[in-house]
S.K.: 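Would you mind keeping the following structure in view while I ask a few things?
Residues take their numbers from the sequence shown, with the count starting at 1. Every number for a ligand or one of its atoms is a count from 1 in the order of the listing.
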Amino acid sequence: MPELPEVETIVRDIRPAVLGRTVARATLSHTDVLRGVTRRTLLRGLAGRRIDDLFRRAKHAVFVLGDRRLVVQPGMTGALLVCEGALDAEQARYAVLRATLDDGRTLVYRDVRRLGTLLWLDSRGWTRYDAAIGPEPLAEAFTVEAMRAAVGRTRQSIKKALMDQRLLAGVGNIYANEALFAAGIDPSREARRLSGAEWTSLHRETRRILSAAVSGRGSTVRDYRTGTGGQGKFQLSLLVYGREGEPCVACGTPLAGTHALDARITVFCHRCQA
Ligand SMILES: [Zn+2]
């Protein structure tokens, strides 16, 4: 699923087009993406409301409409885009939510496999939702100490801890693999057993890689598209993800791939990540 850099890119791309616009009307093609809200409540709530803000939190795009929040978590095949005029056949085919804006453009959430989710929250609901998610790794307040306090208290493997959204926001399988490789840390290590020097390195590399990936407009390894429909570029800079069996860029050892740690593929170098 899109991680922090991908959702950040989508949000930055469509933000100028939707900010200050009012939703004239909205339609929904399928209800299976809805969480805790009915079609009727969502569509009636959207109609007539102004989009006051749009920002990213963790892997979600959060639309602020008065005292409500529309929270979109794009799944593996989800995308947000703003279309001029009528949708073409391809755009219309998988359009799940369409919100016609007061300037005639349409904000579309499209999702081929409908693995994404839509939430419609009031202020209290949002506060509760937001509080259950860990700190943002690119925030200024996210120091080494903050990272250690958030991620370093668990017996879980450091890789699982990095990907646990309750502990840390926005990092998924791609960037957890990359950060651990760059920091030279074995993904299976118990998070609470990392040394001070390892936290310093992991903190620095996590932030460096996420920032570079935002600059590169995310990683298109499958279906991810930016808010303008293009591909990201950062997949070209990935050093371990998707490269199992290929030589390690640092030492030449073939990279190992395993599913033993969690349900996702973990790719690492036995030699560099001790
Ligand atoms: Zn190596």
S.K.: Give a yes or no on whether the backbone of Y175 and the side-chain of E178 come within a donor-acceptor separation of less than 3.5 Å.
M.R.: no
S.K.: Check the Zn ion (ligand 1) and write out every protein N, O or S atom at under 2.8 Å, as residue and atom.
M.R.: C248 SG, C251 SG, C269 SG, C272 SG
S.K.: Between R110 and E90, is the closest basic N to carboxylate O distance under 4.0 Å?
M.R.: yes
S.K.: Thinking salt bridges, do D164 and R166 make one under a 4.0 Å N-O criterion?
M.R.: yes
S.K.: Check this for me, if you would: do D102 and R50 make a salt bridge, where the nitrogen-to-carboxylate-oxygen distance has to be below 4.0 angstrom?
M.R.: no
S.K.: Under 3.5 Å, side-chain donor or acceptor atoms of residues 239-246 against the rest of the protein: list the pairs with distances, not counting sequence neighbours.
M.R.:
| residue | atom | partner | partner atom | Å |
| --- | --- | --- | --- | --- |
| R243 | NE | E246 | OE1 | 2.8 |
| R243 | NH1 | L239 | O | 2.8 |
| R243 | NH2 | E246 | OE1 | 3.1 |
| R243 | NH2 | P247 | O | 3.4 |

S.K.: Under 3.5 Å, is there a donor-acceptor pair between the side chain of S219 and the main chain of V221?
M.R.: no
